[in-house]
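One structure below.
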Amino acid sequence: MTQTVAVLGTGKIGEALLSGMIRAGWRPADLLVTARRPERAEELRTRYGVEPVTNAEAAKRADTLILTVKPQDMGKLLDELAPHVPAERLVISGAAGIPTAYFEDRLAPNTPVVRVMTNTPALVDEAMSVISAGTHATAEHLLHTEEIFGGVGKTLRVPESQQDAATALSGSGPAYFYYLVEAMTDAGILLGLPRAQAHDLIVQAAIGAAVMLRDSGEHPVKLREAVTSPAGTTINAIRELENHGVRAALIAALEAARDRSRELASGNG
Ligand SMILES: NC(=O)C1=CN([C@@H]2O[C@H](COP(=O)(O)OP(=O)(O)OC[C@H]3O[C@@H](n4cnc5c(N)ncnc54)[C@H](OP(=O)(O)O)[C@@H]3O)[C@@H](O)[C@H]2O)C=CC1
Ligand SMILES: O=C(O)[C@@H]1CCC=N1
């Protein structure tokens, strides 16, 4: 049977997922989208050939609803949806922080809910999507969720108690790497390189390091040791990173992101 999937609140993450689903072979005819602004709805229709509908219509027509509004907008969206979502609909939340119980409390009894934390590399089919089942979600619902998010990258099932940590690591993770690239490009400027060249050198170093981390099977410490020659250049840089507490700063930063995810649990932000 053909499944219809609706993306509700198609912003950055919703569009990344939608475009990936189409690249993965989903037919635009089987996809519905909702947007808050009519011009955004038309943009999605033109760009992807999908049908924009109201939230209520999506709830009635789609077999699976993927909710990708901001956590602060989720309560309002659920108020709008609740009267229209039959209990057999699979509801997937892509929002940070909000637990599956929040949806279960506001939708028809026994509604299957799955929580997913993905990330923006979905745009290049390199997402990390971390998946947890709510109380009424079955193995089949989890497989269906993996089928959708597997089209845009890797998936991993975790207990819901680990979702806030996963959000701090992989959900927000790309931003930390962009921040590091930005900072190291500035360092290149300080060292006298043109900005474009500094950017290219750091981005290629990042890509090379990422591929080795993924494909070599080696521990990051081993990979770093292979770069760090006795009395060489790298150890001087590492000493400065340690002197400036970069490791401690990263641990504190991810803890702060985890704590913020917990705070978003109420949907009020
Ligand atoms: N950005 C990221 O890297 C990640 C985000 N997330 C999660 O994904 C969710 C979306 O984030 P992001 O894509 O960045 O945010 P966006 O603001 O880009 O997308 C949310 C979209 O929902 C629309 N919207 C809000 N309320 C409604 C409504 N009632 N009906 C229809 N559309 C509505 C907004 O409309 P309008 O354009 O008018 O504001 C907006 O386009 C969040 O819950 C976030 O926690 C998860 C992982 C990574
Ligand atoms: O910053 C945020 O709240 C969202 C969730 C994870 C990444 N971006």
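For ligands, and for the atoms within them, numbers begin at 1 and follow the listed sequence. Keep in mind that what you see is a predicted model, and the values were worked out from it rather than measured.
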- request: Kindly compute the distance separating CD1 (Ile13) from OG1 (Thr120), expressed to the nearest 0.5 Å.
  value: 6.0 Å
- prompt: Side chains of Arg195 and Thr185: does their closest heavy-atom pair fall under 4.5 Å?
  reply: yes
- prompt: How far is atom 41 (O) of ligand 1 from its nearest protein heavy atom, and which residue and atom is that?
  reply: Gly11 CA, 3.5 Å
field: Gap separating the OH atom of Tyr176 from the CG atom of Leu169, nearest 0.5 angstrom
entry: 7.0 Å
- prompt: Any side-chain heavy atom of Asp73 sitting closer than 4.5 Å to one from Arg36?
  reply: yes
- line: Near Pro71 (heavy-atom distance under 4.0 Å), the atoms of ligand 1 are 42 (C), 43 (O), 45 (O)
- line: At under 4.0 Å between heavy atoms, what of Ala35 touches ligand 1? The answer is backbone
Exercise: do Ser170 and Asn119 side chains pair donor with acceptor under 3.5 Å: no
- line: Ranking Leu8, Ile13, Ile98 by closest non-hydrogen atom to atom 6 (N) of ligand 1, top hit is Ile13
query: Using a 4.0 angstrom limit on heavy atoms, which residues are close to ligand 2?
result: Ala96, Gly171, Ser172
message: Measuring from atom 36 (P) of ligand 1, which candidate in Lys12, Arg36, Glu15, Glu80 has the nearest non-hydrogen atom?
response: Arg36
- request: Output yes when the distance from some N or O of ligand 1 to some N or O of Thr120 is under 3.5 Å, and no in every other case.
  value: no
task: Examine ligand 1 and decide if any of its atoms is less than 4.0 Å from a heavy atom belonging to Lys76.
output: no
query: Applying a 4.0 Å heavy-atom criterion (strictly less than), which segment of Met117 is in contact with ligand 1: side chain, backbone, both, or neither?
result: side chain
message: So, 4.0 Å and heavy atoms of Lys70: is ligand 1 close enough to count as a contact?
response: yes
field: Min side-chain heavy-atom separation Gln163-Ser261 under 4.5 Å
entry: no
Option set Ala96, Gly97, Gly94, criterion heavy-atom distance to atom 46 (C) of ligand 1, minimum: Gly94
query: To the nearest 0.5 Å, what is the distance between NE2 (His141) and NE2 (His136)?
result: 11.0 Å
query: Just wondering, are more than 12 heavy atoms of other shown residues or ligands nearer than 6.0 Å to CD in Glu140?
result: no
- prompt: Quick one: do the Ser129 and Thr118 side chains pair a donor with an acceptor below 3.5 Å?
  reply: yes
field: Proximal candidate to atom 30 (N) of ligand 1 [heavy atom criterion; set Asp73, Asn55, Thr118]
entry: Asn55
- prompt: If we only count heavy atoms from C-beta on, is the Pro71 to Ile98 side-chain gap below 4.5 Å?
  reply: yes
- line: Test side-chain contact (heavy atoms from CB on, under 4.5 Å), reference Val50, set Asp30, Ile22, Thr10, output is Ile22
field: Nearest-contact summary for atom 23 (C) of ligand 1 - protein heavy atom, Å
entry: Gly9 CA, 3.8 Å
task: Give, for atom CD of Gln162 and atom CE of Met117, the distance between the pair rounded to the nearest 0.5 Å.
output: 14.5 Å
Proximal atoms of ligand 1 relative to Thr34 (non-hydrogen, under 4.0 Å): 31 (C)
- prompt: Hey, are the side chains of Val85 and Leu78 touching, using non-hydrogen atoms and a 4.5 Å cut-off?
  reply: no
message: Just to confirm my output: which protein heavy-atom neighbour is closest to atom 37 (O) of ligand 1, and how far is it?
response: Arg37 NH2, 2.8 Å
Winner among Val69, Leu67, Thr68 once heavy atoms are compared against atom 42 (C) of ligand 1: Val69
